[in-house]
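Below, read A as the first sequence line, B as the second, and so on, with proteins coming before strands; counting in each chain starts at 1. These numbers come from a predicted model, not from an experiment.
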Number of protein chains: 2
Amino acid sequence: MRQPDDRAVRPTMNDVARTAGVSLKTVSRVINGEPTVAPHLAERVRAAVDALRYRPNLGASMLRRNDRRTRTIGVLLEDVGNPFSAALHRAVEDEALARGVHVLIGSVDENPQRERDLARAFAERHADGLIVAPAGDDQSYLASELPAGTPVVFVDRQGTGFAGDSVLATNVVGATEAVRHLIAHGHRRIAFLGDHARIATARSRYRGYLDALGEAGLEPPAKPELHHWSTAESATLTLFGRDHPPTALFTAQNLVTIGAVRALRRLRLHRDVALVGFDDFPLADLVEPAVTVVAQDPAAMGRTAARALFERIDGDRQPPREFWIPTALIRRGSGELPPHPVRARATL
Amino acid sequence: MRQPDDRAVRPTMNDVARTAGVSLKTVSRVINGEPTVAPHLAERVRAAVDALRYRPNLGASMLRRNDRRTRTIGVLLEDVGNPFSAALHRAVEDEALARGVHVLIGSVDENPQRERDLARAFAERHADGLIVAPAGDDQSYLASELPAGTPVVFVDRQGTGFAGDSVLATNVVGATEAVRHLIAHGHRRIAFLGDHARIATARSRYRGYLDALGEAGLEPPAKPELHHWSTAESATLTLFGRDHPPTALFTAQNLVTIGAVRALRRLRLHRDVALVGFDDFPLADLVEPAVTVVAQDPAAMGRTAARALFERIDGDRQPPREFWIPTALIRRGSGELPPHPVRARATL
DNA sequence: CTGAAAGCGCTAACAC
DNA sequence: GTGTTAGCGCTTTCAG
């Protein structure tokens, strides 16, 4: 069944020791950079390593080592293919690589079961710590999946039921700022587009939206059902097929924003209906009109999460911390459109 | 120095065996799903596993197992943060997860040294195989970094000096098709924008560009120096500051395309100069005019690469294969603009 | 400064 | 069916 070359042959420390004419332990010392080796022996060992192309087996060393570190972290993001997660991932990688640490990563896809399976898989591979963008609303499972003491940093969404640092965007404040901006431009009928119930971040943004309306004494108009970004375009079309359509939209997520932009174009309303989106996206400045957004900073989130995680891995045992990464309103045009007079008349 | 809880305490198979009142080996059999265990013993083992929250240590089992598999693959892409790599990554992940395999990933950033370092790091972590988007033009180092027999699949770019399957976009043909398209719309002065020397894919696209010009008996205009996508915008501005500017652009990469779009806007030439870009990008259909592209299919590339890799991991030993993933011309408007009469007159 | 012996958690080979 | 023994490649401990 198994071919001879199925088992890849690699020289072991023992092989190196034999060719160098020293003991196994001396090789181990050289490989691990322990200074207590005579120079001429160390040189012989290095020569043998080169000759045999010896590479250490991290799995085996981890097994015996006191610190049990694999120099590998696990990262669970919503979807490594989307721009937000990809930018965050990249920032984590840069921090990790600077420390000689490598990254196991997976997409949780809004699926709590997948979240748990990935956490388990990374724990079985002995990740030194985890960065998790929670899909479910209960992370207490981490206590059973992870060895005691494994640090976890939550990112993008708050984790529940497990003690870990969190790195979060200022969702509520950012959304409030966005909606205030629309109100300042004269809008009174501002619709919210996003999954306001199921997803924690969207829920926070909905809260911020309600806060801003409340301050101005405005009522939220009836909101369309939206449980997945893929339905954003059709939900927007529906919204403008009803009576009393809004004069402005606040969209809670970048893919929702893009869906809304597509719908407004099809309706030829893109110059009439104001729009502010949460989360920036590439080319937002190149569409007509350019899209005003509340930009998050996924790179800062990834960087912060990674740094926090490495502090924990290095032994920091203080109580869980929260890092708030500020959002920034970027005025590009779509959010500065005034309420459109024609439609306003039509809906009165 | 090290705290007691620095070493995360996890129950071992031995602990499970003791609480279940069976031998270590029986536990091993249950964990590995071997059918030759009496049901009542298996039940006792499973109960002990649940009670102790036992999780197997993959590193230890890998050490002793005959197949030496870690159910982990390594993926080296250009930059996990860019849309092309991110989409490819996601497709690889889906194929891997369907097989219970997990993904170690890193960005090579056009840096051959980083490529080699990552390959080594993943080899030390005993990846079962590698998917590599080569940054350098020599992959012979893989023979020394990887255990003999470790399969490698090259993706996006051809690998050199190491035997592995390749998954490639039809770069030459796709570029030829793009340029033929511009010629068919009346263009005779078509500029190439991209790194035609250093990067293999861009080089292929440059070849395709030359082929199409040659067929039509056209000479390539002087091309601006462009060694990194970040300079695409300024290179485009320079191009149109010179005499005899082109009436059409062919851009070799999506970030170059975006830079060119930005530059044409600033020059208010975006409705006058035709543009076809290689590689699609999000919102290409929403800018004005919508951008005609030769779309690659990064998801198909990732899927194909992963499937090929798993065939090799499963023992397939046939000679290296090449998989060509077709590109598709998507007509959106920018590539269908006719040569602009005013500028044409000005340059005659 | 160097080496011999023990053992990390697990599976393979072979007994019973 | 089940258990015992050996040992994967490495680091630790401790003796020289």
Figure out the [atom1]/[atom2] separation between [X] and [N], and round it to whole Å.
X	N	atom1	atom2	answer
D67(B)	dC8(D)	CG	P	17 Å
R68(A)	dT12(D)	CZ	C1'	12 Å
M13(A)	dG7(C)	CE	P	20 Å
L58(A)	dG9(D)	CG	C1'	12 Å
L63(A)	dA6(C)	CG	P	18 Å
M62(B)	dG7(D)	CE	C1'	15 Å
E34(B)	dA12(C)	CD	P	7 Å
N32(B)	dG9(C)	CG	P	17 Å

Taking only side-chain N and O atoms of [X], does any of them lie within less than 4.0 angstrom of OP1 or OP2 on [N]?
X	N	answer
R65(B)	dT11(C)	yes
N14(A)	dG9(D)	no
R55(A)	dG9(D)	no
S28(A)	dT11(D)	yes
R64(B)	dG9(D)	no

Heavy atoms, side chains only, cut-off 4.5 Å: are [X] and [Y] in contact?
X	Y	value
R303(A)	D94(A)	no
I31(A)	V49(A)	yes
E78(A)	R157(A)	yes
E95(B)	V101(B)	no

Requested in this report: State plainly whether the residues D128(B) and R71(B) are in salt-bridge range, i.e. N to O under 4.0 Å.
Outcome: no
Query raised in the report: Cut-off 3.5 Å, side chains only: do D117(A) and Q113(A) have a donor facing an acceptor?
Result: yes
Report task. Could you tell me whether N14(A) atom CG has more than 12 heavy atoms of other residues or ligands within 6.0 Å of it? Result -> yes
What nitrogen or oxygen pairs link the protein and nucleotides 2-4 of chain C at under 3.5 Å?
residue, atom, partner, partner atom, Å
dT2(C), OP2, A38(A), N, 2.6
dT2(C), O4, R29(A), NH2, 3.4
dG3(C), OP2, S23(A), N, 3.2
dG3(C), OP2, S23(A), OG, 3.1
dG3(C), OP2, T26(A), OG1, 2.5
dG3(C), N7, R29(A), NH1, 3.3
dG3(C), O6, R29(A), NH2, 2.8

